[in-house]
Each structure stands twice: as C-alpha cells, then as structure tokens.
Amino acid sequence: MIDTRFIGTELPSFSVDVEAGRLRFFAKATGNADPIYVDREAARAAGYSDIPIPPTFLFCLEMESPQPSAMRELLNIDIGKVLHGEQQFIYHRPVCVGDRITFAPRISDIYAKKGGALEFVVRQTRVTNQHDQLVAELNCVTVVRNS
Amino acid sequence: MTASLSQARVGDALPVLTTTPISRLDLALYCGASGDHNPIHVDLDFARAAGQDDVFAHGMLSMAYLGRLLTGWAPQHQLRRFDVRFVSITHIGDAISCQGEVTAVEQVDGETRVRVALTSANQHGDIKLKGEAEFGLPN
C-alpha cells in the first residue's frame with residue numbers, strides 16, 4: 001500500500017521555456033492542422049502574442065521536469081503498473097512561445113479502492129509564468145494496478 | 001468561430017471529429033512530441049513483460065484529440081476548464097470519434113459560461129474518455 005503520510009508532500013518545482021519547434025512537432029503528432037498552433041503570424045492574427053500552447057500541452061511541459069519520476073520514486077510505484085485515471089486543466093491565462101513557466105506540483109491525495117487492488121495518487125500542480133501570474137492549475141489522477 | 005459560442009444553446013452538438021485508426025507510428029510520434037516516454041506505449045517487449053498483449057495509446061493523445069474538437073469549435077483563449085476521465089484503454093487500430101454537446105449556458109463571475117459534455121469512443125462505440133469543458137464569454 002502507498003503510504004498516505006505522503007499526502008501534502010511538495011515535489012520539486014522547475015521552470016521550462018515554451019518553444020515553437022516543440023509545438024510544431026506536437027501539432028503534427030496530434031493531427032492538428034489549425035495554423036495558429038504552428039505559425040506565429042496566424043497566432044498573432046488570432047490575438048495571441050505568439051503561438052499558443054494547445055489545451056493539453058501543459059501536461060507535456062510538466063514532463064520536462066529534471067526529475068520526471070520523482071513522484072513514482074518517492075512512492076515506490078512500478079511504471080509498468082500505472083494508468084492515467086483522470087486529468088483536469090483549469091486555465092487562467094494563455095501560455096505562448098517565449099514564455100518561461102514554472103510548475104509547482106504537490107501530492108494532494110492518496111487512496112485505495114477494491115481492497116487495495118487499485119490505488120490512486122492525485123497530483124495538483126500550480127503553473128505560473130515569468131511575471132508570477134497564475135496561468136493554470138492541473139489535477140492528475142494516477143491509478144496503480146496491484147492485481 | 002466566436003459565433004458558435006455566443007449562440008450556443010443547450011443540446012447543440014459540436015461538429016464530430018474522427019481520427020484515422022491509431023498506428024504504432026502515431027504512438028511513436030506522440031511519445032517524442034509529448035515527452036511522455038513511458039515504454040508501455042511504444043515498446044512491445046516492455047508491454048508484454050508488464051502483462052499487456054500489446055502497446056496501447058497514451059490517454060493524453062485522446063485528450064489532445066478532444067482538445068482539437070474544442071478549439072475547432074471555439075477560440076482556445078475562452079476555454080476555462082477541461083477535464084476527462086480515462087474510461088478504457090485505447091488500442092492500436094482504434095479510430096477515435098470525439099463528440100461534444102452543450103449541457104449548460106449560465107452566468108458565472110460576470111461572464112456567460114458554456115459547458116460542454118465530451119465523449120470519445122472507438123469505431124465499435126466503446127467509450128474511451130468522458131469529460132467536460134467550460135468556455136467563458138465576457139459579457
């Protein structure tokens with residue numbers, strides 16, 4: 001069983017730069033042909049300062065952590081047993097190419113179902129930009145299959 | 001595009017978005033582009049050792065498809081919230097169909113909020129993701 005005393009634990013925070021090349025690759029990988037996600041001029045014409053990150057891309061940037069497995073290692077979770085259970089994004093401001101954003105994740109809950117056959121870890125992440133403005137909040141539920 | 005949001009009514013359906021069947025190449029590209037390098041999605045040897053018959057799709061790839069459904073319908077800067085529950089695993093060969101329906105139009109924090117129920121399913125109608133999004137239109 002995952003030790004519930006880790007509820008409330010803050011994971012290492014880190015900052016990442018939003019880069020155009022990476023967004024173009026993401027647009028290709030997700031079949032997104034909308035020009036605002038690949039072309040700066042199209043993005044500006046749509047009212048953005050530069051190419052905006054698409055709605056789910058903050059999850060990808062969170063994977064840029066220098067210690068992407070920090071939570072799994074802390075909780076001793078086998079990567080082969082994990083599934084993504086739920087994902088939530090709350091948006092406060094756009095994030096565009098040229099922004100430098102900071103992720104501050106914490107473990108907000110740990111619980112079990114089916115007599116421990118399934119365990120759940122909830123990670124809450126606050127995301128701020130280079131102006132210390134809150135741009136988004138993420139909630140990620142990881143499921144660990146013990147059976 | 002803003003017109004569809006400002007004129008949204010409960011019961012309106014968003015234009016359906018359907019993908020081609022998911023291939024191994026799609027998963028390899030998403031692995032690199034997303035930064036999610038969990039081998040269970042791209043390494044068959046690893047997947048079998050972990051008790052799976054085959055590699056399977058990243059849940060977040062399907063969520064990105066739902067994101068395309070949303071931003072194809074209304075401007076992204078008006079998206080306030082987007083959440084999903086991953087109901088079942090998406091397999092190689094699944095063609096994903098993304099659907100949305102307006103479930104509420106209400107006033108919140110000085111703006112009109114349009115709530116959309118989201119579903120993604122494969123070609124057999126098996127539900128893969130269920131979710132909800134909320135857009136805001138300043139009054």
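Numbered from 1 within each chain, the chains take letters A, B, ... in sequence-line order. Just so you know, these numbers use all the heavy atoms, side chains as well, and skip hydrogens, waters and symmetry mates.
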Atom CG of D53(B) with >12 non-hydrogen neighbours under 6.0 angstrom: no
L134(A)-I101(A) co-clustered via ILVMFWY side chain contacts under 4.5 Å: no
When D78(A), V82(A), I79(A) are compared by non-hydrogen pairs under 4.5 Å with chain B, the top option: I79(A)
Exceeds 12 heavy-atom contacts within 6.0 angstrom, atom CZ of R48(B): no
Heavy-atom pair with the smallest gap, counting every atom of A33(B) and F57(A): O-CE1, 4.1 Å
Derivation and outcome, side-chain contact (heavy atoms from CB on, under 4.5 Å), residues I90(A) and D83(B): CA-CA 8 Å; I90(A) 299 166; D83(B) 47 64; over 6 Å; no
Portion of L83(A) that has a non-hydrogen atom of chain B nearer than 4.5 angstrom: side chain
Heavy-atom check, side chain of H77(B) versus side chain of P52(A), under 4.5 Å: no
Residues from residues 12-31 of chain B approaching chain A under 4.5 Å (heavy atoms): L29(B), Y30(B)
Chain A neighbours within residues 118-130 of chain B, where any heavy atom lies under 4.5 Å away: none
Whether over 12 other heavy atoms sit under 6.0 Å from N139(B) CG: yes
Side chain, backbone, both or neither of R145(A) within contact of chain B (heavy atoms, under 4.5 Å): side chain
Inter-chain contacts: residues 91-115 of chain B against chain A, heavy atoms under 4.5 Å: none
Interface residues of residues 56-70 of chain B facing chain A - non-hydrogen atoms under 4.5 Å apart: F56(B), M60(B), L61(B), M63(B), A64(B), Y65(B), G67(B), R68(B)
Close side-chain approach of T71(B) and P54(A), heavy atoms under 4.5 Å: no
Side chain, backbone, both or neither of Q52(B) within contact of chain A (heavy atoms, under 4.5 Å): side chain
Derivation and outcome, side-chain contact (heavy atoms from CB on, under 4.5 Å), residues V141(A) and F86(B): CA-CA 10 Å; V141(A) 181; F86(B) 301 99; over 6 Å; no
F89(A) versus chain B, the contacting section by heavy-atom distance below 4.5 Å: both
Options A29(A), C60(A), P55(A), ranked by heavy-atom pairs under 4.5 Å with chain B, top entry: P55(A)
Residue, of H92(A), R24(A), R22(A), that accumulates the most heavy atom pairs under 4.5 Å with chain B: R22(A)
Donor-acceptor contact below 3.5 Å, side chain Q76(B) vs main chain P94(A): no
Proximal component of I40(B), with respect to chain A [non-hydrogen, under 4.5 Å]: side chain
Within one Ile-Leu-Val-Met-Phe-Trp-Tyr cluster: L23(A) and V38(A), side-chain cutoff 4.5 Å: no
Nearest-0.5 Å distance that lies between atom CG in N38(B) and atom NE2 in H84(A): 11.5 Å
Side chain to side chain donor-acceptor pair (under 3.5 Å) evaluation trace for Y91(A) with Q78(B): CA-CA 9 Å; Y91(A) 307 101; Q78(B) 290 177 314; over 6 Å; no
ILVMFWY network linking I36(A) to F26(A), side-chain heavy atoms under 4.5 angstrom: no
V16(A) reachable from V95(A) in the ILVMFWY side-chain graph, under 4.5 Å edges: yes
Exceeds 12 heavy-atom contacts within 6.0 angstrom, atom CZ of R85(B): no
Enclosure of R126(A) CZ (heavy-atom neighbours >12, cutoff 6.0 Å): no
